[in-house]
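Worksheet: one structure, shown below.
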Amino acid sequence: VDGSSAQKEAINGIAKEFEVSTENLRTIVKQFNEDMDKGLQRHGATVAMIPSYVQGRPTGKETGKYLALDLGGTNLRVCEVNLLGDSKVTIHQQKFVVSNELKTGEMRHLCDYIADCVDSFLTENGSDKLDNDLQLGFTFSFPVNQTAINRGTLMQWTKGFSCSGAVGKDVVIMLQDSFRRKNLNVHIAAIVNDTVGTLMANGYRDPKSHMGVILGTGTNAAYYETMDKIVKWDQAPTSTKEMAVNMEWGAFDNERRVIHLTTYDNKLDRESINPRLQTYEKLISGMYLGEITRNVLVSLIDRSLLFNGLSSPDLNKQWAFETAYMSTIESDATKDLSDTQHVLESILGLPMTTLVDRQMVKKVCEFVGVRAARVSAAGLAAVLSHSNLVEEGCTIAIDGSVFEFYPNFADNMMAGLKELFGEQIENKVKFALARDGSGLGAAVIAMMAHRAA
Ligand code: ADP
């Protein structure tokens, strides 16, 4: 950064605040490992370590037709997945709009609508409506208290849904009921968490897959655990040695023990709808990175070190600085940082910016983005060491726009792993972009549930 000595000093100070040293990483990993153990021992721990009831691993040799249903993203999605063996698949999918009226009405109406969508999908795409039941994997991206592979009560709605008559009820039973009333020969074989779906989708293609990670709007991860380590398991003995565990790792460090939080993080947290919760997620995921950056920029403005001390109405708005802007700014390789200028002046309405302003903004994005990737690496490292895979290596399947689009995110995560485990880790651990957890992944889980039943 060019600029005055006060500006340089401020940027250096911010760099220090966002720094996560190798030593810090080690401390975070150690705490992560302790929290994983706690979560495996008892119910209700900070890192919840929820058994998914998905037993064993796919081999990629499985064949057959399965349905997948995805509720909780932007659209309702219905897929027919044809497992061809040999790690190959074909997928037909159709998207359906869920109106606000349905999202906030009665649960029975929503279930009937979903049943209609599945029915119309099968009529249009239905290769052959089989005589026997079609098995369906249901990705339901809301907090669920699962009691079997296809049993789970809704704990609360999120993301703009608020249907009456659903909280505390088993969502699989309600939807299955709608299928039955409409004479649909579809059996809901599994309720699927997106992390476990990501793990299984990649597992079908790559037997070395050990972890499924989401780095999108939020963050979470799942991995294969051996049953003897799931001490709190109090259900019937399983037929396999392993089960996928949904870590719910976004809650890591809610007790504020190990990760240094800046004033910018604390402001974001205080103003969020869930203060003191999802601490780890707030440092990593797409929903928050832009807002942390905005907090830094506004504080630099308040100190008259940026934009000549002047903000814009847009930049003053909470959540106005999107994480996608950070990707644009960080990948800006123009000499005068004109892409950055576009974001600041055309999108955010700042009257004018100097090159030094733009250089400073780019630096701030880099600090926030690099920290996010390094802190993410700590979670990956915790699972690698917990599962004893540092020597042997494995594939980590990752879904989400932050991983897919944020510049250098993968490299910065790998750099963190190298500091912790040595250079050779790069030849052992592979990151794989896996965007089909709720399609292929859910279908694979339906297949595995049906096979185990
Ligand atoms: P979801 O996690 O909701 O299934 P995504 O994986 O697409 O969906 O993640 C959406 C999140 O990613 C949003 O919070 C958004 O801010 C962020 N995002 C979208 N585009 C980009 C981008 N180009 N670079 C970084 N983050 C992005």
Side-chain angles (χ1 to χ4, degrees), residues 68-77 79 93 95 98 103 139-143 157-161 192-199 201-202 212-222 246-250 268 272-274 278 280-295 314 317-333 339-340 342-343 347-348 361-362 364-373 375-376 396-413 431-442:
L69 187 63
D70 180 10
L71 181 75
T74 321
N75 293 298
L76 173 71
R77 245 176 5 122
C79 307
Q93 67 155 353
K95 289 181 179 176
V98 183
K103 285 183 185 174
T139 304
F140 183 74
S141 306
F142 301 96
W157 285 116
T158 57
K159 298 185 267 194
F161 282 73
V192 175
N193 179 271
D194 54 357
T195 56
V196 182
T198 300
L199 173 59
N202 215 66
V213 179
I214 306 292
L215 293 168
T217 304
T219 184
N220 190 13
N246 161 18
M247 298 174 74
E248 290 296 335
W249 81 5
L268 171 135
S272 70
I273 55 164
N274 54 352
Q278 296 298 94
Y280 188 59
E281 177 166 82
K282 284 172 181 159
L283 302 173
I284 292 175
S285 75
M287 174 153 184
Y288 303 105
L289 297 184
E291 179 66 4
I292 297 170
T293 302
R294 193 187 71 87
N295 284 342
D314 275 329
K317 277 195 203 115
Q318 193 187 18
W319 307 118
F321 196 94
E322 292 180 18
T323 302
Y325 302 162
M326 297 172 71
S327 290
T328 305
I329 292 168
E330 279 216 50
S331 41
D332 187 354
D339 297 340
T340 305
H342 174 79
V343 170
I347 300 179
L348 291 166
V361 171
K362 192 172 186 195
V364 171
C365 291
E366 188 187 307
F367 301 151
V368 175
V370 168
R371 183 186 65 166
V375 171
S376 306
I396 300 176
I398 311 181
D399 185 2
S401 288
V402 171
F403 176 72
E404 188 172 4
F405 300 119
Y406 202 105
N408 306 318
F409 204 91
D411 289 346
N412 289 330
M413 282 200 301
F431 301 145
L433 178 67
R435 295 232 72 160
D436 45 10
S438 62
L440 171 60

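Whatever order the structure lists ligands and atoms in, that order sets their numbers, starting from 1. When reading the values below, keep in mind they use all heavy atoms of this one structure, side chains included, and skip hydrogens, waters and symmetry mates.
- The closest heavy-atom contact to atom 23 (N) of ligand 1, among the options Phe405, Trp319, Tyr288, Tyr406, comes from Phe405.
- Counting all heavy atoms, side chain and backbone alike, Met326 lies closest to Cys365 at CE-O, 3.7 Å.
- Among all protein heavy atoms, the one lying closest to atom 26 (N) of ligand 1 is Thr323 CG2, 3.5 Å.
- Contact annotation for Arg435 and ligand 1: only side-chain heavy atoms (C-beta onward) come within less than 4.0 Å of the ligand.
- The presence of a protein heavy atom under 4.0 Å from atom 1 (P) of ligand 1 is confirmed.
- Residue Thr217 has at least one nitrogen or oxygen atom sitting less than 3.5 Å from a nitrogen or oxygen atom of ligand 1, judged on distance alone.
- Asp314 approaches Leu348 most closely through the heavy-atom pair CB-O, 3.5 Å.
- Ring geometry for Trp157 versus Phe161: interplanar angle under 30°, hence parallel rather than tilted (30 to 60°).
- Nearest protein neighbour of atom 21 (C) of ligand 1, counting heavy atoms only, is Ala324 CB, 3.7 Å.
- Nearest heavy-atom pair across Asp332 and Lys362 is O-NZ, 2.8 Å.
- Taken from OG1 in Thr217 to CD in Glu281, the straight-line distance is 9.0 Å, to the nearest 0.5 Å.
- Atoms of ligand 1 found under 4.0 Å from any heavy atom of Ser327, numbered from 1 in the order shown, are 22 (C), 23 (N), 24 (N), 25 (C).
- Applying the 4.0 Å criterion to heavy atoms of Gly400 picks out, from ligand 1, the atoms 6 (O).
- At the top of the distance list for atom 16 (O) of ligand 1, counting protein heavy atoms only, stands Gly286 O, 3.4 Å.
- Here the shortest heavy-atom distance to atom 27 (C) of ligand 1, taken over Ser401, Ser438, Gly437, belongs to Ser401.
- Taking a cut-off of under 4.0 Å to the non-hydrogen atoms of Gly216, the atoms of ligand 1 that pass are 2 (O), 6 (O), 9 (O), 11 (C).
- Of all atoms in ligand 1, numbered sequentially from 1 with element shown, those under 4.0 Å from a heavy atom of Met287 are 14 (O).
- Between Gly369 and Tyr406, the closest heavy-atom pair is CA-OH, 3.6 Å.
- Rounding to the nearest 0.5 angstrom, the gap separating the CD1 atom in Ile329 from the NE2 atom in His342 is 10.5 Å.
- Counting all heavy atoms, side chain and backbone alike, Ser438 lies closest to Ala68 at O-CB, 3.6 Å.
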